[in-house]
There are 2 protein chains.
Amino acid sequence: MAAKRVGTQDKRPHRKAAPVPSAQEPRLSLERIVATAVELLDAEGVEGLKMRRLADRLGSGAMSLYWHVANKEEVFDLALDSVLEYRGSSQMIESPDWRQAVFHILEDWRASMLRHPWSASLLPRRALGSNILGRLELLGRVLSTAGVEEADLNGAIWSLWNYVMGATITRANFVLSDEDMLAGQQRLAHLSAEYPTIGRARLLLDNDWDGVFRKGLEFLLDGIVPSR
Amino acid sequence: MAAKRVGTQDKRPHRKAAPVPSAQEPRLSLERIVATAVELLDAEGVEGLKMRRLADRLGSGAMSLYWHVANKEEVFDLALDSVLEYRGSSQMIESPDWRQAVFHILEDWRASMLRHPWSASLLPRRALGSNILGRLELLGRVLSTAGVEEADLNGAIWSLWNYVMGATITRANFVLSDEDMLAGQQRLAHLSAEYPTIGRARLLLDNDWDGVFRKGLEFLLDGIVPSR
DNA sequence: CAGTTGACTCGTACAATGTACGATGCGATG
DNA sequence: CATCGCATCGTACATTGTACGAGTCAACTG
C-alpha cells in the first residue's frame, strides 16, 4: 500500500534529520536541488528555470522535486537566499575602521547579487530570507559600534539597504538587458534631441558604476555618522 | 478575403493615424487597453493580469488584444510607462529653491510608484521607458541649475535614482506582502534571539518610511551639492 | 450599386508549464 | 517474509499565451 500522506493537510517534512550515513547519498536533496537551480538561473535567467528542466539536470523525474519542495516559488526563495549568504571573513567586520567595515559589507552584498543578476529581479518580490536578515544584523552591529544611536539605527540601516538595493538592481538591469541598452545607445542621437540633459550627462553611456556606487555610499555615511 | 498581413514579418501598425472622428470610438484602443491593464494590476497584482481577463474587462475577445499589442510583455511595458508619467506642475520644478525642487521630483516619483505597488516589482526587469527618461531629464535639469558640474551630473543622477528605486521597491514590498510582514512581526521574539540588533532597532516594526526616505535623501543631496 | 480593400475582431486550437494523484521502489524493522 | 515510511516518477489535467485564419464592417473604387 502506498504510504499516503494522511489525506488532508499533511505537508511533507521537507527536511530529513540525518541522512543515515551508511546509505549512499540520496539521489535528490534540497541542497542539490537548490545548487542546481542556481546553476540554471545563472545560465538561463529567471524564465529559464522550469521544473522539468531542473529535474533533467538533476537526472530525476519532474515530480520528484515536489517531495523536497512545496512548489516552484519555494525553489526561487531558496535559490535567492542561498545566493545571498554572507561568505566573507568576520575579520573585516570587526575592523576598528567601521567605515571600511560598512563598505566591505555593502560592497560584498552588491557583488554577491551581481554575480547572479537574476537575484536583483527576484528580490523585490520576496520576503526577507534569513540570509538577508543576517546581513542586516551584521550591518546594524557595525553601525552600532560606530556610534549610531539606537533611535537612529532603524533609519540608518534602511537608508543603506535602500541605497544598495537600488544601485544593485539598476546595475543588474543593465547587465541583463545588453541589447536594450545597446539599442538605447544607438538611439542616443534621437535621445539627445528629446532629452538634452541626459545626452550631455552621457547617462546611458560611460557609466562608472562602481565609482558611482562608492560615492553615493560615502555621502550617505557622512550623513548617517556625522563624525569624521 | 481576409486582409492577411503579408505573410512573413509585417508587424501591425499599432497606431492609427487619426481615428476618423465621425465613427464612434472603436471598441478597443491602445489607450483603453493600457488603462484597463493598470486597473487590473491595481486590483490583482502582477499575476492577476491574464490576457483573457483583460479582454473580459474590455468586453472583447482575448485575441482581439493582439491586434493592438504584440504580446503580453508589451502590455506590461505600456502599463508601467503609463503609470510613471509625470503629471505634476512644472512650477515646482522651476522653483528657485532647487533643493525643494529635487525633493518634489523624487517624492512624486516614489508616490507614483507606491500608488501602484506592482510597478516596483515590474521595473527592475524593464528597459527605461520614455516616461522614466523624462523624469531623469527633469532631475538632471534641476541638478544642473543647482550648480552640479557636467562631469558630476552622471553620478549625481544615478545616485539619486538608485536611492529612490531602492527605497520605493523596499517600501512597495512591505505594502504587498502584509502577511509575510505580519508573520515577521509575530516571529519577532524568535528573531530577537538570532538577530538582536535587528530586534533592538525594531527593524521590522514601527517604520517611519517617509521620514527615512527624506533623511537619506537629505544626506545624499548634502554630498552631491556640497554648497548650502 | 457591386466589388474590393483593409482595419479590426474573435473562435478554435495548440504547445508549454505547474502540479495533483496515485502507483511504485526500496531499505529498515518486526 | 510482511510491513511501513521515505522517496521517486509516469500520467493526466487545468491554465495560460498566442498562432492561425475566418468573419465583420466601413470606406473607397469603378
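Numbers restart at 1 for each chain; the letters A, B, ... are given by sequence-line order, proteins then strands. These numbers come from a predicted model, not from an experiment. The basis for the numbers below is simple: all heavy atoms, side chains too, and nothing from hydrogens, waters or symmetry mates.
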Practice problem: Take Thr170(B) and Trp161(A) through the side-chain hydrogen bond (donor to acceptor under 3.5 Å, both in side chains) test and state the conclusion after the steps. | Solution: CA-CA 9 Å; Thr170(B) 300; Trp161(A) 155 273; 2.9 Å; yes
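Counting heavy-atom neighbours within 6.0 Å of Arg214(A) CZ, excluding the residue itself, gives a total of 12 or less.
dC25(D) atom P lies 18 Å from atom CH2 of Trp67(B), rounded to whole Å. Rounded to whole angstrom, the span from the OH atom of Tyr66(A) across to the P atom of dT11(D) amounts to 18 Å. The interatomic distance linking Glu74(A) (CD) with dT19(C) (P) rounds to 11 Å, in whole Å. Protein atom CG of Leu54(A) is 14 Å distant from nucleotide atom C1' of dT19(C), rounded to whole Å. Rounding to whole angstrom units, CG of residue Asn71(B) and P of dA19(D) are separated by 8 Å.
Salt-bridge annotation for Asp56(A) and Lys50(A): absent, with no side-chain N of the basic residue lying under 4.0 Å from a carboxylate O of the acidic one. Salt bridge present: Arg135(A) and Asp108(A) bring a charged side-chain N and a carboxylate O closer than 4.0 Å.
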Output one line per pair: protein atom, nucleotide atom from nucleotides 12-16 of chain D, and distance, for all N/O pairs under 3.5 Å.
unit_1: dT16(D); atom_1: OP1; unit_2: Lys50(B); atom_2: NZ; d: 2.2

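Using a 4.5 Å heavy-atom cutoff, the side chains of Asp210(B) and Arg110(B) are in contact. Taking the side chain as every heavy atom from C-beta outward, Ile132(B) and Arg126(B) never approach each other to under 4.5 Å.
Near DNA chain C, meaning a heavy atom under 4.0 Å from it, residues 58-65 of chain B has Ser60(B), Gly61(B), Met63(B), Ser64(B) in order of number.
Ring-plane geometry between Tyr86(B) and His104(B) is classed as perpendicular, the angle between the planes exceeding 60 degrees on a 0 to 90 degree scale with a lower cut at 30.
The listed nucleotides are dC8(C), dT19(C), dT8(D); the one nearest the side chain of Leu28(A) is dT8(D).
Using a distance-only test at 3.5 Å, with no hydrogens or angles considered, no donor-acceptor pair links the side chain of Asn173(A) to the main chain of Ile169(A). Listed for the Asn131(A) side chain is no donor-acceptor partner under 3.5 Å among the backbone atoms of Leu84(A).
Taking only side-chain nitrogens and oxygens, Arg53(A) never comes nearer than 4.0 Å to OP1 or OP2 of dT17(C). Residue His68(B) places at least one side-chain N or O closer than 4.0 Å to OP1 or OP2 of dT9(C).
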